[in-house]
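As the structure lists them, so they are numbered: ligands from 1, and atoms in each ligand from 1. Remember, it's a predicted structure, so these values are computed and weren't measured experimentally. All residue numbers in this chain count up from 1 along the given sequence.
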Amino acid sequence: MGAWATTTLALYGAGGAAVAASLFKLRRRLELSQAKHRSLAGHSRMARRLAALVPFYEYDEARFFCADGAPTDVAQCRRAGFERLSALYKTRFAESIRRTAEAADIISDLQFTGAYRVPFQFSRYTRKHLPSGAFMQSTEGVTITDLDGNRFYDLTGSYGVNVLGYGFYKDAIERGAAQVRELGPVLGPYHPVIVENVKLLKEISGLDEISFHMSGTEAVMQAVRLARYHTRRSHLVRFCGAYHGWWGDVQPGIGNPVPAHETHTLKDMSGDTLRVLRTRRDIACVLVNPLQALHPNASAPSDSALLDSGRRAHFDKDAYAAWLKELRAVCTERNIVLIFDEVFVGFRVARGGAQEYFGVRADLVTYGKTLGGGLPIGVVCGRHELMKRFRDDRPADICFARGSFNSHPYVMGAMNEFLHHLHTPAGQAIYQNLDGTWNARAEGLNARLRAEDLPVEVANLSSIWTVYYTRPSRYNWMFQYYLRAEGLALSWVGTGRLIFSLNYTEADFEQVAERFVAAAKAMQRDGWWWSHPELTNKSIKRAILKETIARRLFA
Ligand SMILES: Cc1ncc(COP(=O)(O)O)c(C=O)c1O
């Protein structure tokens, strides 16, 4: 064979290899695309780009009451209801509102939460006439009292921290502080109480080692960092809609100014995702927030996103457990680190958290919130080989993790009180028939709402609830104001998430249910749920899209 022929053959060979490599890459790329949820929540970059294009506009006073095309008599009825509610808010919550107004300009968080309680078209007018107080003065049992002396049933659950009731945490903080007082707030050296905490956490998590951090966000950061370090792979997989704190890599979409290049956001409960996990070589870990079982592939529900009545939720424990088992098997097969982020559900759904509740074991587990006994905390529990932060054979190759306030003695003291309580008969009793109790309460409330022909229902994962709406409407976000007027305290996401502490008695819950139904009846009476055959969720979305485009093009 001449030199020319040899060269040609070599070129063909190289070309063939290049084509094969490109086809291989293309296939992997297609598999990745298939494993993305079709919603915007599944396409973080596109969501961010589109979000940047949405122009501000708002409804004037006349349109505010008939944005859905309701006739004049209905708009008038709504206006009368709104004015009545506004007068009630301004008198009943006067002091709380006054203090909030004073602080709003200088506490950034207040400005943000204040602006995002309802869809932005309605926000300014609502803020002006139905201002929300941001201050509270005391708690007792399952109630919380504002600066004006109004007592509310607490449905905020303090972001999920409050599992055992505020009274428990007040005592835990005091008793925990007493345990460590002699040492005081010394950082670096440990108070001996930490040793018992670690032993108890090992037993509860079924894992070998523990590291302490200052928040759930930091615990997740560390778990992912460890997974990357030990697998020497770059990417984390998170599921569409799942919240894992506000660190950039776990929040790749709206809310983060820069893209997260090493995060794959994939479909929850999907064979397409398992295929990606089986075939890609860049995946270090899969992060699971078991709370997503209540609304797989959807973001945490917030009333500011209640543009129509499309919000749905439903918890199927068996289906989610089966999914986790499949995920576990693929992660084991591919040496991918399976991380359960139990910052929210840990200690709430079962003593052993989601691992016990769903019957699946993770390689790393993060805890936080309630575990601090009322003080700030983030914890990672994991297998020895994954928790190690240095390599014996490569002394300079370390996985760094510090934090001035980690293992703070006062936090360790309060945590100790919390963990001890779980071992007492009273602590164990709270988990008995937990789901039975909360499912019956949710079903009972739904039955009452249906009997009254009210277009509202709740779905729940144990004591974590969300409200959804069964008739197309543009005004569901108003419901949060009726609930507050009935003495039910909600967090800034409104009816998106109701979180109950486990010390709610039947009598307490009966009070909540009565007030909930009364609020829905008042809202119905005031005409907000007016319906018309042409008013559908689709028609609402279309109308908003038209408004947005018109604003963008012509304003
Ligand atoms: C599942 C989950 N992970 C992480 C976090 C972040 O925890 P933190 O707010 O303590 O930073 C949260 C907070 O809500 C959470 O729910």
Between [options], flag the one that comes closest to [atom] by a heavy atom.
atom	options	result
atom 5 (C) of ligand 1	Pro376, Gly245, Ala219	Gly245
atom 4 (C) of ligand 1	His213, His244, Met214	His244
atom 12 (C) of ligand 1	Tyr243, Tyr159, Trp247	Tyr243

>> Does this structure show an ion pair linking Arg151 with Glu140, if we count only N-O contacts that are shorter than 4.0 Å?
In response: yes
>> Salt bridge check, Arg312 against Glu457: does any charged N sit closer than 4.0 Å to a carboxylate O?
In response: no
>> Once rounded to the nearest 0.5 Å, what's the spacing between atom CG of Leu324 and atom CE of Met269?
In response: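 Leu324 CG to Met269 CE: 8.0 Å, rounded to 0.5 Å.
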> If you round to the nearest 0.5 Å, how far is CG of Asn406 from NE2 of His213?
Replying inline: 7.0 Å
> Is the count of non-hydrogen atoms from other residues, nucleotides or ligands lying under 6.0 Å from Arg49 atom CZ greater than 12?
Replying inline: no
> What is the closest protein heavy atom to atom 13 (C) of ligand 1, and at what distance does it sit?
Replying inline: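 Looking at atom 13 (C) of ligand 1, the protein heavy atom closest to it is Lys369 NZ, 3.1 Å.
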> Nearest protein heavy atom to atom 8 (P) of ligand 1, by residue and atom, and its distance?
Replying inline: Gly216 N, 3.5 Å
> Where is the tightest heavy-atom contact between Asp249 and Arg228, given as atom of each residue plus distance?
Replying inline: OD2-NH1, 2.9 Å
Number the atoms of ligand 1 from 1 as they appear, then name those within less than 4.0 Å of a heavy atom of [X], with their elements.
X	answer
Asn289	1 (C)
Phe344	16 (O)
Ser215	10 (O), 11 (O)

>> Geometry only, no angles: is Thr217 polar-contacting ligand 1 at N/O separations under 3.5 Å?
In response: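 Among all N and O atoms of Thr217, at least one is under 3.5 Å from an N or O of ligand 1.
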> Any N/O of Asp341 closer than 3.5 Å to an N/O of ligand 1?
Replying inline: yes
>> Show, in sequence, the C-alpha distance, side-chain angles and deciding distance for Trp465 and Phe509, and conclude whether the ring-ring contact (aromatic ring centres under 6.0 Å, His included) test is met.
In response: CA-CA 13 Å; Trp465 293 26; Phe509 185 77; 5.6 Å; yes
>> Does the residue Glu218 have a heavy-atom contact with ligand 1, meaning some pair of atoms that are separated by less than 4.0 Å?
In response: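 Distance cut 4.0 Å: Glu218 fails for ligand 1.
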>> In terms of relative ring orientation, are His408 and Phe405 parallel, tilted or perpendicular, with 30° and 60° separating the classes?
In response: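 Because their plane-to-plane angle is under 30°, the rings of His408 and Phe405 count as parallel.
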